[in-house]
Amino acid sequence: MTTHFFSDTTVLLKRSLRHILRSPDTIITTAITPIAMLLLFVYVFGGAINAGSESYVNYLLPGILLITVASGIAYTAFRLFTDVSGGIFERFQSMPISRSSVLWSHVLTSLVANLISVALVVLVALVMGFRSSASIGAWLAVLGIMVLFTLALTWLAVIPGLTAKSVDGVSGFSYPLIFLPFISSAFVPTAGMPGPVRWFAEHQPVTAIVDTIRDLFARQPVGGGVWVALAWCVGLLLVAYLLAMRTYRAKVA
């Protein structure tokens, strides 16, 4: 990391953000799928699902927020792939700038774009009847968890962005991440699932994160669940970051 890291990252971040501002349909498209799922599950399946005493939109929203991020990171991988395949990536490497700033600009752009998409989904949920008694501190805690989760998945997206050979390859990696919440407590309580499926659902990261966000929104005690959620987020972030940087060093070697 050079002394110019922050200034170089800022310049490249502005470049990436300008691309998004010139193509706002990227954020809209990213938000369409989770919003469509929110509408579908609340108004079509919601009446048949027992989510306890709370409304189904309140129960469902945390899982939809994670799906929003999982959908959005595909664009991060695509933007990085475009830079690599188009030769801009190599051009940046030949310039006297911090090498890591090239990656960090894409990562921070992903964070901004995904948080905007998440805000759009929350606004739609409010129109649909979502209500929360959470304090400002609880909302900030939710924001912190979403930031960690977004950074973890974004660094994971950097790997196919650097190594993919085609557009299909760079976008396809996000599909398992989008479908993982379906085998969790995001849509239905895990109590009604068959034994092996229930075990997997209760011990995978989505359930821990979703349950923590749900408790924060409902102003319920989070207990030790918040530490499990944070451990998953931080652990995934560290592993993804180390793998992404190793892939990046091999790419520029």
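Put simply, the side chain of Met128 reaches to within 4.5 Å of the side chain of Tyr43, judged on heavy atoms. Residues Thr33 and Met37 have side chains in contact (heavy-atom distance under 4.5 Å, counting atoms from C-beta outward). At a threshold of 4.5 Å between non-hydrogen side-chain atoms, the residues Leu177 and Ile73 count as touching. Side-chain contact check for Val226 versus Leu230: some heavy-atom pair is nearer than 4.5 Å. Side-chain contact between Pro221 and Asp215 is absent, with no heavy atoms from C-beta onward closer than 4.5 Å. Between Thr82 and Arg79 the shortest side-chain heavy-atom distance does not fall below 4.5 Å.
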Tabulate below the donor-acceptor pairs under 3.5 Å that side-chain atoms of residues 134-163 make, not counting sequence neighbours, or state none.
{"unit_1": "Ser135", "atom_1": "OG", "unit_2": "Ala138", "atom_2": "N", "d": "3.3"}
{"unit_1": "Thr150", "atom_1": "OG1", "unit_2": "Met146", "atom_2": "O", "d": "2.7"}
{"unit_1": "Thr154", "atom_1": "OG1", "unit_2": "Ser110", "atom_2": "OG", "d": "2.8"}
{"unit_1": "Thr154", "atom_1": "OG1", "unit_2": "Thr150", "atom_2": "O", "d": "2.6"}
{"unit_1": "Thr163", "atom_1": "OG1", "unit_2": "Ile159", "atom_2": "O", "d": "2.8"}

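If you chain together hydrophobic residues whose side chains sit under 4.5 Å apart, Leu236 and Val228 fall into the same group. A continuous path of Ile, Leu, Val, Met, Phe, Trp and Tyr side chains, each step under 4.5 Å between heavy atoms, connects Val44 with Ile64, placing both in one hydrophobic cluster. Hydrophobic clustering of Ile, Leu, Val, Met, Phe, Trp and Tyr side chains at less than 4.5 Å, counting indirect connections, keeps Leu66 apart from Trp232. Under the 4.5 Å side-chain contact rule for hydrophobic residues, Val11 and Leu13 do not share a cluster.
Between the NE2 atom in His203 and the OG atom in Ser184 there is a gap of 14.0 Å [rounded to 0.5 Å].
Applying the ring-ring contact (aromatic ring centres under 6.0 Å, His included) test to Phe179 and every residue at least two apart in sequence or in another chain returns Phe182. Legend: residues meeting side-chain hydrogen bond (donor to acceptor under 3.5 Å, both in side chains) with Ser16, ordered by chain and number and at least two apart, are absent.
Side chain of Arg214 to main chain of Leu61: no donor-acceptor pair is present (N/O by atom type, distance under 3.5 Å, no hydrogens or angles). At least one donor-acceptor pair closer than 3.5 Å links the side chain of Tyr59 to the backbone N or O of Val188. At least one donor-acceptor pair closer than 3.5 Å links the side chain of Ser132 to the backbone N or O of Phe217.
The two residues Ala125 and Val57 have their closest heavy-atom pair at O-CG2, 4.3 Å.
Summarising the local packing, CZ of Phe78 is surrounded by 12 or fewer heavy atoms from other residues, nucleotides or ligands at distances under 6.0 Å.
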Side chain to side chain contact (heavy atoms under 4.5 Å, CB included) for Leu17 and Leu108? Distances and angles first, verdict last.
CA-CA 9 Å; Leu17 290 177; Leu108 295 177; over 6 Å; no
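Using a 3.5 Å distance cut-off with no hydrogens or angles, the side chains of Asn114 and Ser117 do not pair a donor with an acceptor. Checking Glu202 against Thr190 by side-chain atom types alone, a donor-acceptor pair falls below 3.5 Å.
In summary, the aromatic rings of Phe41 and Phe187 are positioned with their centroids under 6.0 Å apart.
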